[in-house]
Amino acid sequence: MSPAVVEQNQGALHVKPGTEWAAVLGRASRLAPEAFGTDRLHNLVNGSWRATGEPEVLISPVDGSKLIGLPRLSAGEAQHAVHAAAEAHAEWSRTPLSERQARVVAAVDAMADVRDELALLLAWEIGKPWKLACADVDRALDGVRWYVDAIESMLGDRAPLSGPVSNIASWNYPMSVLVHAELVQLLAGNAVLAKTPSQGGAACLTLAHALMAREGLPVTLLSGAGAELSEVLVRSPGIGAMAFVGGRSAGGKVAASLVDTGKRHMIEQEGLNAWGVWDFSDWDGLAAHLKKGFEYAKQRCTAYPRYVVQRELVDQFLAMYLPVIRSIRFGHPLAVERDDDDLPTLDFGPVISAAKADDLHRRVGDALHRGAIPLYRGSLADGRFIAGQDTSAYVAPAALLAPGGASSLMHAEPFGPIDTIVVVDTEAELLAQMNASNGALVASIACDDEDKARRLGRELRAYKVGINKPRSRGDRAETFGGRGASWLGCFVGGELLVQAVTEGPANELLYGNFPEHSRYPSSV
């Protein structure tokens, strides 16, 4: 073969050698052979891995390829697992804190040793670019180490719960949300159950839980259809508390199911996070935040898909915003030009599935039909893809001005790289448009006047409100807002139940032991 042909082959985009799915899965299987079957993942019940359930083949959003089978357990099999977890909880709750800390640290160390394998599994399963996949793993492990040092003072005189914590979480952050929560719950003296998200992250979670189980941690990992298993995992009398992270529809059903049980629970649901811009001038500072906001195609609960802008500032806002959205880089997370190239630095890869991509395209089309103005519509031709690969799960970034009130983009989170911009004339309109979904996880105010920002922020129906510089890490002793503290609030049915100003860790409420004196309210 001539040198010219060799150079041409090396210059064409291809999956970096060693990061192919077969290679990654093979290494994971060798690390935890007990947890991986030839055609399916296993379920972890009562400390042992079992090849039960009918497997449903998982599809990678990266290129549409088949990954591995995810078993679908029956409600009866799940009920058996809950009973076993309750028995394990009784023993674990009597385990001294020092031993719990030692075992959790050993599990974290074991996961740190295979951090790259966990990240590569995430890249294939949920389409995370390399650096973001690594960050998902690192945040989980770093956060748990922080809790290991802080857990004694956090617990105080609290006792473990009456039974294990049941965890149902979405697919987008398997490590830094689900595994992180489980390990902190274990530190607090509670056994844990987790349902594997059916849309992605199963193989990564399987490897992580295999390493946790090897250190003697009482963990249970189950897979199956939510409609069939939720009754067991939510209402079973043996469960001490319920932790749910996901969409409003499913979260609402979980909350309704718990009403007559009195069971302690934490429910984190989606909402249309909004960034309000009023009497503001630091455009360079805001641009950096908006650029970072496109990470992982805005498929995270703290993403901002809505900007509510004072009319007098719209021209300045767009002069800052449009170059940001034009600079977004997306494509195949593992594609390189030469074998020895580093994996690409991308803002995002695919959305979670081709069906989700179709949904986003329909939403944009509907908004345009209802009068929205297209400010920017990217193209897949701008993406970084391997020749001939399936791109059905990819969505180029887009921004729409003034979607109609009947458009779903006006009041619901798209969970994709689609922004909407709404223009307002008064502070009352600003607040109304930022509260369009009647509750959100986060909101931010970009305003030069800190006192005014604080006043506006107190009218927002959001769990956290930041001023100018948002933060969402609860395992760091720092404020959420850049120019002042954040507001923590919990809403049920639009009514504020709890509000507090916090300058320290917030995740004690979410991931640590639940307060003995009350059931932690659902957050909307």
Side-chain angles (χ1 to χ4, degrees), residues 272-298 300 302-330 345-348 360 363-364 367-368 370-383 395-404 407 409-410 413-414 416-434 436 440 442-450 452-453 456-457 460 465-471 481-483:
L272 184 62
N273 303 326
W275 203 315
V277 183
W278 191 268
D279 291 344
F280 182 71
S281 62
D282 183 13
W283 301 109
D284 289 341
L286 186 57
H289 289 299
L290 268 57
K291 167 74 171 178
K292 187 173 178 61
F294 273 98
E295 286 184 350
Y296 195 37
K298 300 203 172 190
R300 63 182 192 277
T302 54
Y304 285 84
R306 163 66 53 79
Y307 298 95
V308 183
V309 185
Q310 184 180 7
R311 187 177 300 276
E312 293 181 4
L313 300 178
V314 170
D315 55 342
Q316 297 174 67
F317 176 84
L318 292 179
M320 172 276 300
Y321 173 84
L322 290 175
V324 168
I325 196 171
R326 292 190 184 107
S327 71
I328 301 302
R329 299 186 71 222
F330 64 96
T345 300
L346 302 172
D347 295 295
F348 60 84
L360 289 169
R363 291 192 189 202
V364 169
L368 293 173
R370 296 177 185 276
I373 301 169
L375 294 175
Y376 178 82
R377 282 183 287 178
S379 167
L380 291 188
D382 302 325
V395 176
L400 306 179
L401 178 67
S407 166
L409 292 178
M410 191 63 182
E413 181 182 29
I418 311 298
D419 281 350
T420 55
I421 298 168
V422 178
V423 180
V424 295
D425 293 296
T426 66
E427 292 181 5
E429 289 178 332
L430 178 86
L431 294 171
Q433 294 297 342
M434 291 186 70
V442 295
S444 280
I445 297 287
C447 180
D448 293 340
D449 185 332
E450 181 180 331
K452 181 180 291 187
L456 292 170
L460 296 175
V465 178
I467 302 173
N468 298 335
K469 297 179 181 179
R471 290 192 180 276
R483 294 191 175 183

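FYI, side chains are in, hydrogens and waters are out, and symmetry mates aren't considered; it's all heavy atoms of this structure. Given the structure is predicted, the values throughout are model-derived calculations rather than measurements.
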Original post:
What do the steps show when you test Leu401 against Val423 for side chain to side chain contact (heavy atoms under 4.5 Å, CB included), and what is the final call?
Top reply: CA-CA 8 Å; Leu401 178 67; Val423 180; 3.9 Å; yes
**OP:** Run the numbers on Met434 and Ile445 for side chain to side chain contact (heavy atoms under 4.5 Å, CB included), then give the verdict.
**Re:** CA-CA 10 Å; Met434 291 186 70; Ile445 297 287; 3.9 Å; yes
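Atom OG1 in Thr426 sits 10.5 Å away from atom CZ in Arg311 (nearest 0.5 Å). Interatomic distance, CD of Glu427 versus NZ of Lys452, reported as 5.0 Å (0.5 Å rounding). Here Glu413 contributes atom CD and Ile418 contributes atom CD1; the two are 12.5 Å apart, rounded to the nearest 0.5 Å. Note that OH of Tyr307 is 16.0 Å distant from CD of Gln433, once rounded to the nearest 0.5 Å. One finds the CH2 atom of Trp275 at 5.5 Å from the CG atom of Leu286 (value rounded to the nearest 0.5 Å). Atom-to-atom distance recorded for Phe317:CZ and Leu322:CG is 8.5 Å, nearest 0.5 angstrom.
Nearest approach of Leu272 to Ala436, heavy atoms of both residues: CD2-CB, 4.4 Å. Considering all non-hydrogen atoms of both residues, Ala367 and Leu409 come closest at CB-CD1, 3.9 Å. The two residues Glu312 and Asp315 make their nearest non-hydrogen contact at O-OD1, 3.6 Å. Heavy-atom minimum distance, Pro305 versus Ala303: CD-O, 3.3 Å. In terms of heavy atoms, Leu456 sits closest to Leu431 at O-CD2, 3.4 Å. Nearest heavy atom pair, residue Pro403 against residue Ile421, reads CD-O, 4.2 Å.
The residue from Leu375, Ile373, Leu368 that alone fulfils the side chain to side chain contact (heavy atoms under 4.5 Å, CB included) condition with Leu400 is Leu368. No option in Ile325, Ile328, Val395 other than Val395 meets the side chain to side chain contact (heavy atoms under 4.5 Å, CB included) test with Pro417. Screening Lys291, Arg329, Arg326 for a salt bridge (charged side-chain N to carboxylate O under 4.0 Å, His left out) involving Asp347 leaves a single residue, Lys291.
In this structure, Phe280 and Trp283 have perpendicular ring planes: the angle between them is above 60°, well past the 30° mark.
Judged by distance alone, with hydrogens and angles left aside, the side-chain atoms of Asn273 form no donor-acceptor pair with the main-chain N or O of Ala440 at under 3.5 Å. A donor-acceptor pair under 3.5 Å is formed between the side chain of Gln310 and the backbone N or O of Asp279. The main-chain N or O of Ser407 is never found under 3.5 Å from a side-chain atom of Arg363 such that the two would form a donor-acceptor pair.
The environment of Asp284 atom CG is sparse: at most 12 non-hydrogen atoms of other residues, nucleotides or ligands sit within 6.0 angstrom.
Within the cation-pi definition used here (under 6.0 Å to the ring centroid, within 45° of the axis), Lys298 qualifies as a partner of Phe294.
Taking 4.5 Å as the limit, some side-chain heavy atom of Phe330 sits within range of a side-chain heavy atom of Asp382. A 4.5 Å side-chain heavy-atom check between Leu290 and Met320 finds at least one atom pair inside the cut-off.
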